[in-house]
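The chain is numbered in sequence order, starting from 1. Heavy-atom basis, side chains included; hydrogens, waters and symmetry copies ignored.
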Amino acid sequence: SNKRLRDMWQLHRSADLYANNNETLMELSNKLRDPTDFAATIKDLGKHIDVNQGSTLELRDGRHFEWNSQPQFVNGRVVGRVTSFRDISDRKQAEALLAIENEVLEMVVCGQPLKAALGVLADHVEVLSGEMFCTILFRKDSEGAELACVSGRSLPSNVVERLIHHEQVVLGKVFAAITQQENVPKHGLSDEYSGVIENIGNQPIWSDYCKLMASHGVHACFAVAVRSSDRSLLGLIVAHYRTPSKQQPHDRELTWVAAHLVHIAMERRQAEERLQDLAHYDSLTRLPNRALFHDRLHQALT
């Protein structure tokens, strides 16, 4: 193996410490999210040395490598193999993010409940990260104070239920504090005001929330604020980890994409609420109009 390969795979041993290429390949398999198939293929190649092999490998850190192994011929005889790897992480990430965007937006456009669409989004974020526990916090309606919470499948359901039913005050304090901070002049302030809230475990307004999550074995590490077109706070995407040091480099991008989709979904919901309001209430007196009367009458008759 050459230096480029060792750097790519983050192998810390020097090349001369490996007995042979097979030992190197076995070392690589330990860095894969699912090393079983890779190890079995390597073993099989020893029996079928004239076969071409190619596949996509997913690493534990979230990267994707394209793997090609071809027999090397001299005078018509196989004398060895040439193995190469190409980092295709950016392409795979873009494809996955596009698929998520299409699925979530289709749910929103087709009138699926907002909570269902955001739950699907949180679940996809967790799968792509591999280490993150993702929660999305948002208001149940644009004017109300009651908060809703969705998460991916990794977070135990009892944690989410406790957040929803017993920790409204905790979440309300976080929303209120961030909203208040947004009203402060933003010149010279940190990245928190561009959306990312780093090291939330060290911030007093998050202390109760962090204690709650830590009691279930996960630690809240950073959050991304979701803001409307007029910069008001719509929601928060919070990233948690069992071990804070296991944050993946691409997790920031994942949460930014998720924040963009939450922004679109919630603004669409607010627009629908405004249309419903205009359709059923007089804009000047705020009294119910004939359309709302007929709707309620139909419900009563039914």
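When atom types are taken as modelled, the side chain of Arg86 and the backbone of Asn68 share no donor-acceptor pair closer than 3.5 angstrom. Using a distance-only test at 3.5 Å, with no hydrogens or angles considered, a donor-acceptor pair links the side chain of Ser89 to the main chain of His64. A distance-only check finds no donor-acceptor pair linking the side chain of Asp90 to the backbone of Gln93 [under 3.5 Å]. A donor-acceptor pair under 3.5 Å links the side-chain atoms of His240 to the main chain of Phe133, judged by distance alone.
Residues Asn30 and Pro35 fail the side-chain proximity criterion, which asks for heavy atoms closer than 4.5 Å. For the pair Glu66 and Arg91, the minimum side-chain heavy-atom distance is below 4.5 Å. Here the side chains of Val238 and Met213 are not in contact, with every heavy-atom distance at 4.5 Å or above. Inter-residue side-chain proximity for Leu297 and Leu301 is flagged as met; some heavy-atom pair is nearer than 4.5 Å. Two residues are said to be in side-chain contact when any heavy atoms from C-beta on lie closer than 4.5 Å; Leu114 and Met266 meet this criterion.
Below 30°, between 30° and 60°, or above 60°: for Trp9 and Phe65 the angle between ring planes is above 60°, a perpendicular geometry.
Residue pairs meeting the side chain to side chain donor-acceptor pair (under 3.5 Å) criterion with at least one member in residues 121-137, sequence neighbours excluded: Glu103-His124, Asp123-Arg153, Glu126-Ser154, Ser129-Asp251, Thr135-Tyr209. Residue pairs satisfying the ring-ring contact (aromatic ring centres under 6.0 Å, His included) criterion with at least one member in residues 259-302, sequence neighbours excluded, are absent.
Under the 3.5 Å distance criterion, with hydrogens and angles disregarded, a donor-acceptor pair is assigned to the side chains of Glu267 and Ser229. For the residue pair Asn199 / Gln203, no side-chain donor-acceptor distance below 3.5 Å is found, with atom types taken as modelled.
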- Pair Val262-Phe138, side-chain contact (heavy atoms from CB on, under 4.5 Å): steps then yes or no: CA-CA 9 Å; Val262 174; Phe138 59 98; 5.7 Å; no

- Message: With side-chain contact (heavy atoms from CB on, under 4.5 Å) as the criterion, how do Leu97 and Leu128 come out once you've worked through the C-alpha distance, each side chain's angles and the decisive distance to 0.1 Å?
- Response: CA-CA 9 Å; Leu97 291 176; Leu128 284 180; 4.0 Å; yes

- Item | Audit row: Leu28, Leu57, side-chain contact (heavy atoms from CB on, under 4.5 Å) steps and yes/no | CA-CA 10 Å; Leu28 303 186; Leu57 308 174; over 6 Å; no

- Test Asp295 against Gln299 for side-chain hydrogen bond (donor to acceptor under 3.5 Å, both in side chains), laying out the working first. CA-CA 6 Å; Asp295 177 70; Gln299 292 181 27; 3.0 Å; yes

- Are Leu5 and Leu11 close enough, and set up right, to give a side-chain contact (heavy atoms from CB on, under 4.5 Å), and what steps lead you there? CA-CA 8 Å; Leu5 183 139; Leu11 302 177; 4.1 Å; yes

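The CD1 atom of Ile237 sits 6.5 Å away from atom CG of Leu121, with the distance rounded to the nearest 0.5 Å. Rounded to the nearest 0.5 Å, atoms NZ (Lys211) and CH2 (Trp206) are 15.5 Å apart. Atom CG of residue Leu261 and atom CH2 of residue Trp256 lie 13.0 Å apart, to the nearest 0.5 angstrom. Here the CZ atom belonging to Arg63 is positioned 7.0 Å from the CE atom belonging to Met8, to the nearest 0.5 angstrom. In this structure, the separation between CG on Leu32 and CD on Glu58 is 9.0 Å, given to the nearest 0.5 Å. The structure places CE of Met132 at 4.5 Å from CZ of Phe222, a figure rounded to the nearest 0.5 Å.
Counting non-hydrogen atoms of neighbouring residues, nucleotides and ligands closer than 6.0 angstrom, the CZ atom of Arg286 exceeds 12 such neighbours. Other residues, nucleotides and ligands contribute only 12 or fewer heavy atoms inside 6.0 Å of the CG atom of Asn75. When the shell of 6.0 Å around CD of Glu272 is examined, it contains more than 12 heavy atoms from other residues, nucleotides or ligands.
Salt bridge Glu198/Arg252: present, at least one basic N to carboxylate O contact under 4.0 Å.
Closest approach of Ile136 and Ala122 over heavy atoms only: CD1-CB, 4.1 Å. Nearest heavy-atom pair across Val108 and Ala265 is CG2-CB, 3.7 Å. Nearest heavy-atom pair, Asp61 versus His250, reported as atom, atom and distance to 0.1 Å: O-CE1, 3.4 Å. Across Leu233 and Ala225, no two heavy atoms sit closer than the pair CD1-CB, 3.9 Å. Here the closest non-hydrogen pair linking Pro71 and Val78 is CB-CG1, 4.2 Å. Heavy-atom minimum distance, Ser207 versus Pro204: OG-O, 2.9 Å.
By the side-chain hydrogen bond (donor to acceptor under 3.5 Å, both in side chains) test, Gln112 is found to be paired with no residue, residues two or more places apart in sequence or in another chain being considered.
Taken together through direct or relayed side-chain contacts under 4.5 Å among Ile, Leu, Val, Met, Phe, Trp and Tyr, Val127 and Met107 form parts of separate hydrophobic clusters. There is no path of hydrophobic side-chain contacts, each under 4.5 Å, that joins Ile88 to Phe38.
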